[in-house]
Amino acid sequence: MSALAATLLEKIKSRRARTGVVGLGYVGLPLAVEFGKAGFHTTGIDLDDRKIKAITEGRSYIPDVHTPDVKALRDGGKLDATTDFGIVKELDTINICVPTPLRKTKDPDMSYIVSAVESIATHLHPGMLVCLESTTYPGTTDEVVQPLLEATGLKAGRDFFLAFSPERVDPGNPTFQTHNVPKVVGGLTPHCVDLASALYGTAIKTIVPVSSTRVAEMVKLLENTFRAVNIGLVNELALMCDRMEIDVWEVVEAAKTKPFGFMAFYPGPGLGGHCIPIDPFYLSWKAKQSGFDPRFIELAGHINGGMPHYVVDKVAEALNTKRKAINGSKILIAGVAYKRDIDDMRESPALDVMGLLHARGASVDYVDPFVPVVHGREWPGRFDVKVSDVRKGDFGKYDCIVIVTDHKTFDYEAIVAEADLIVDTRNAIKSPAPNVFKLGAPRPVGEKALA
Ligand SMILES: NC(=O)c1ccc[n+]([C@@H]2O[C@H](COP(=O)([O-])OP(=O)(O)OC[C@H]3O[C@@H](n4cnc5c(N)ncnc54)[C@H](O)[C@@H]3O)[C@@H](O)[C@H]2O)c1
């Protein structure tokens with residue numbers, strides 16, 4: 001091992017290394033907190049002043065990170081935050097957790113990674129370890145990050161160390177959090193993977209070293225493509241079941257009893273979040289550059305992308321039984337976050353469902369305990385919508401209630417008792433009722449068909 005690598009390894013083992021995290025969002029803040037808990041002096045860097053202020057005041061703004069933890073680390077001198085990349089001069093390691101969205105054309109938007117890496121490069125110094133964590137296409141670390149850092153004249157693997165380690169955070173999951181989800185690590189060289197594994201090993205229980213950064217990048221895309229494709233499959237099954245008058249939810253529950261060779265995925269109103277709707281397209285973009293046409297990804301994207309339209313068709317079908325049209329109906333969307341019990345609305349299918357209903361002339365309200373406002377820039381309606389103060393006793397005011405996100409705190413009993421019509425896209429309402437229309441299931445028993 002080179003002298004630089006040996007020095008860094010010793011600093012990591014003794015916790016004398018100064019660690020840094022760039023991008024303090026859903027991924028970066030939990031990681032910074034874990035490094036702080038592991039005993040490192042950790043500095044978070046973000047462009048967002050509000051996040052820096054919150055950390056400086058000892059406050060968390062991510063539901064999975066507890067404020068007392070942030071406060072204890074602040075008070076103990078283990079965590080600070082800044083917008084100034086000048087701090088990189090003092091750091092031994094830096095983890096990059098900035099966003100990787102898709103452009104409208106479904107091409108990867110590398111601008112956040114490029115900007116963060118350029119800012120790090122200005123202060124890069126010999127002996128540093130740089131780990132990219134943002135989800136991205138295979139080749140990003142050696143094709144994009146390495147040249148930007150080597151433009152400083154320092155050489156990766158010799159003067160500084162470079163690795164890729166995909167983040168697998170599952171927001172809102174109380175069982176699996178940053179510290180107990182195995183961490184896949186790929187390095188540019190054997191020293192790079194050893195150093196990155198040593199760093200992560202201080203804070204995370206299980207480390208899974210792989211042979212290259214490209215393998216590590218592909219691992220993450222396989223995981224998320226696996227989900228996207230299986231969700232696509234079960235969504236197609238839901239559309240099929242709807243036509244064949246079979247309850248897809250009952251089918252999945254029964255299939256799930258097979259103790260081997262089956263894994264349950266559930267249909268829904270469409271994909272949401274920062275990963276599953278986006279990451280497979282990073283892979284298909286890169287595969288196409290190699291002349292390979294990835295058909296599963298495109299097909300799943302097509303089926304999953306069509307689900308909000310199917311939900312709206314279901315609303316039309318339900319209203320039709322009451323001789324009503326979407327145009328002019330008052331519709332309540334229950335849940336706009338992309339999944340249960342979290343506050344993240346990125347790519348949420350609820351935004352598409354709201355937009356489609358609005359475009360067809362419905363008056364659309366929403367209720368969500370986690371989301372106080374849907375800003376105009378976030379949905380196709382293009383105007384701000386504030387959360388409605390809808391409680392028990394109010395559900396009868398709507399022509400139809402569409403359960404898009406099955407938050408645990410919703411009063412489903414009151415909804416079923418009061419609402420005229422319900423379209424349930426999540427199987428949130430378990431007992432059949434004549435006013436409940438389920439995605440991927442026969443029309444409700446007892447529902448009066450039009451004469
Ligand atoms: N959220 C998840 O569940 C999840 C899970 C696994 C992987 N990921 C991946 O992790 C990465 C980060 O996702 P996230 O959900 O934490 O995003 P996020 O939007 O919550 O946080 C990103 C942060 O980076 C900051 N930022 C942007 N550009 C910057 C720059 N140049 N310098 C410094 N800070 C900058 C933003 O202000 C923001 O605070 C993405 O690639 C995502 O695909 C996310």
Side-chain angles (χ1 to χ4, degrees), residues 20-34 43-55 60-65 81-88 91 94-103 108-123 130-138 140-141 144-145 148 164-173 176-178 181-184 204 216-217 219-228 271-283 285 337-348 378:
V21 175
V22 180
L24 298 168
Y26 289 92
V27 168
L29 182 60
L31 184 68
V33 165
E34 290 305 331
T43 302
I45 307 173
D46 203 291
L47 304 178
D48 185 342
D49 285 325
R50 291 164 308 174
K51 290 182 173 141
I52 304 308
K53 186 164 181 285
I55 293 172
S60 171
Y61 44 85
I62 300 283
D64 288 339
V65 175
T82 177
T83 54
D84 182 3
F85 274 86
I87 192 73
V88 173
L91 301 179
I94 190 133
N95 294 65
I96 305 169
C97 309
V98 296
T100 41
L102 277 179
R103 298 187 193 284
D109 178 354
M110 288 286 110
S111 60
Y112 297 87
I113 291 186
V114 169
S115 151
V117 173
E118 283 175 344
S119 304
I120 292 168
T122 319
H123 308 284
V130 179
C131 294
L132 179 63
E133 295 219 6
S134 303
T135 306
T136 184
Y137 59 80
T140 305
T141 309
V144 178
V145 178
L148 287 172
F164 179 83
S165 177
E167 180 51 59
R168 290 164 150 177
V169 70
D170 181 19
N173 187 326
F176 293 111
Q177 300 197 327
T178 305
V181 176
K183 194 99 173 94
V184 172
I204 295 165
E217 288 158 339
V219 167
K220 175 71 185 177
L221 295 182
L222 167 62
E223 290 166 7
N224 284 355
T225 302
F226 173 81
R227 284 187 61 76
L271 297 181
H274 195 13
C275 295
I276 314 296
I278 291 176
D279 302 348
F281 290 100
Y282 266 72
L283 184 52
W285 176 83
Y338 82 83
K339 74 173 186 179
R340 179 198 287 173
D341 298 338
I342 65 162
D343 65 350
D344 193 346
M345 282 199 313
R346 289 177 295 182
E347 312 290 326
S348 174
E378 290 165 330

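First listed ligand is number 1; within each ligand, the first listed atom is number 1.
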**Student:** Looking only at the side chains, is there a donor atom on one of Asp84 and Thr82 sitting less than 3.5 Å from an acceptor on the other?
**Tutor:** no

**Student:** Would the number of heavy atoms belonging to other residues, nucleotides or ligands and lying under 6.0 Å from OH of Tyr112 be above 12?
**Tutor:** no

**Student:** State the atoms of ligand 1, each with its element, that fall below the 4.0 Å cut-off from a heavy-atom position in Val169.
**Tutor:** 2 (C), 3 (O), 4 (C), 5 (C)

**Student:** Answer yes or no: is there a donor N or O on one side and an acceptor on the other, between the side chain of Thr83 and the main chain of Asp49, under 3.5 Å?
**Tutor:** no

**Student:** Which atoms of ligand 1 are found less than 4.0 Å from any heavy atom of Lys220?
**Tutor:** 6 (C), 7 (C)

**Student:** Which is it for Val22 and ligand 1 at heavy atoms under 4.0 Å: side chain, backbone, both or neither?
**Tutor:** side chain

**Student:** Rounded at 0.5 Å granularity, tell me how far OG1 in Thr100 sits from CG in Leu132.
**Tutor:**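 Answer for the OG1-CG pair, Thr100 versus Leu132, is 8.5 Å.
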
**Student:** In the protein, what heavy atom is nearest to atom 23 (C) of ligand 1, and what distance, to one decimal place, separates them?
**Tutor:** Asp46 OD2, 3.6 Å

**Student:** Out of all atoms in ligand 1, which are within 4.0 Å of some heavy atom of Cys275? Include the element for each.
**Tutor:**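 The list of qualifying atoms is 4 (C), 5 (C), 6 (C), 7 (C), 8 (N), 44 (C).
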
**Student:** Heavy-atom contacts with Ser115 under 4.0 Å: which atoms of ligand 1 show up? List them by number with element.
**Tutor:** 31 (N)

**Student:** Nearest non-hydrogen atom to atom 17 (O) of ligand 1 belongs to which of Glu167, Arg346, Lys51?
**Tutor:** Arg346

**Student:** I'd like to check which ligand 1 atoms, numbered from 1 as shown, lie under 4.0 Å from a non-hydrogen atom of Thr100.
**Tutor:** 40 (C), 41 (O), 43 (O)

**Student:** Which ligand 1 atoms are under 4.0 Å away from a heavy-atom of Ala116?
**Tutor:** 31 (N)

**Student:** Find out whether Thr136 and Met110 are in side-chain contact, i.e. whether some heavy atom of one side chain is under 4.5 Å from a heavy atom of the other.
**Tutor:**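 A side-chain contact exists here, since the closest heavy-atom pair is under 4.5 Å.
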
**Student:** State whether the side chain of Lys183 and the backbone N or O of Pro166 hold a donor-acceptor pair below 3.5 Å, judged by distance alone.
**Tutor:**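 Yes: the side chain of Lys183 pairs with the backbone of Pro166.
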
**Student:** How does Ser134 reach ligand 1, if at all, at less than 4.0 Å between non-hydrogen atoms: by side chain, backbone, both, or neither?
**Tutor:**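 Both the backbone and the side chain of Ser134 come within reach of ligand 1.
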
**Student:** Is the backbone of Pro101 close enough, under 3.5 Å, to the side chain of Tyr282 for a donor and an acceptor to pair up by distance?
**Tutor:** yes

**Student:** Give the atom numbers and elements of ligand 1 that come within less than 4.0 Å of a heavy atom of Phe85.
**Tutor:** 32 (N), 33 (C)

**Student:** N/O to N/O below 3.5 Å, does that happen between Arg168 and ligand 1?
**Tutor:**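 Arg168 vs ligand 1: no N/O contact under 3.5 Å.
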
**Student:** Does Arg227 have more than 12 heavy atoms from other residues, nucleotides or ligands lying within 6.0 Å of its CZ?
**Tutor:**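 For Arg227, atom CZ is not crowded (no more than 12 foreign heavy atoms under 6.0 Å).
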
**Student:** In ligand 1, which numbered atoms sit nearer than 4.0 Å to a non-hydrogen atom of Pro171?
**Tutor:**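 Close to Pro171: 3 (O).
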
**Student:** Going by distance only, is there an N or O of Thr135 that falls short of 3.5 Å from an N or O of ligand 1?
**Tutor:**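 N/O-N/O distance under 3.5 Å: yes.
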
**Student:** Got the closest protein heavy atom to atom 24 (O) of ligand 1, with its distance?
**Tutor:**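 It is Gly23 CA, 3.3 Å.
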
**Student:** What protein heavy atom sits nearest atom 26 (N) of ligand 1, and how far off is it?
**Tutor:** Val98 CG1, 4.0 Å

**Student:** Measure from the side-chain N and O atoms of Lys51 to the backbone N and O of Gly25, and report whether any donor-acceptor pair falls under 3.5 Å.
**Tutor:**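 No; zero donor-acceptor contacts below 3.5 Å.
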
**Student:** Please confirm whether Asp279 comes within less than 3.5 Å of ligand 1 when only nitrogen or oxygen atoms on both sides are compared.
**Tutor:**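 No.
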
**Student:** Test your reading of the model: is there a side-chain donor-acceptor pair from Thr122 to the backbone of Glu118, 3.5 Å cut-off?
**Tutor:**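 Present.
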
**Student:** Looking at atom 10 (O) of ligand 1, what's its closest protein heavy atom, distance included?
**Tutor:** Val27 CG2, 3.4 Å

**Student:** Flag Pro99 as yes when one of its N or O atoms lies below 3.5 Å from any N or O atom of ligand 1, and as no otherwise.
**Tutor:**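 Such a contact does not occur with ligand 1.
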
**Student:** Could you check whether any side-chain N or O of Lys339 sits under 3.5 Å from a backbone N or O of Pro171, counting only pairs where one atom can act as donor and the other as acceptor?
**Tutor:** yes

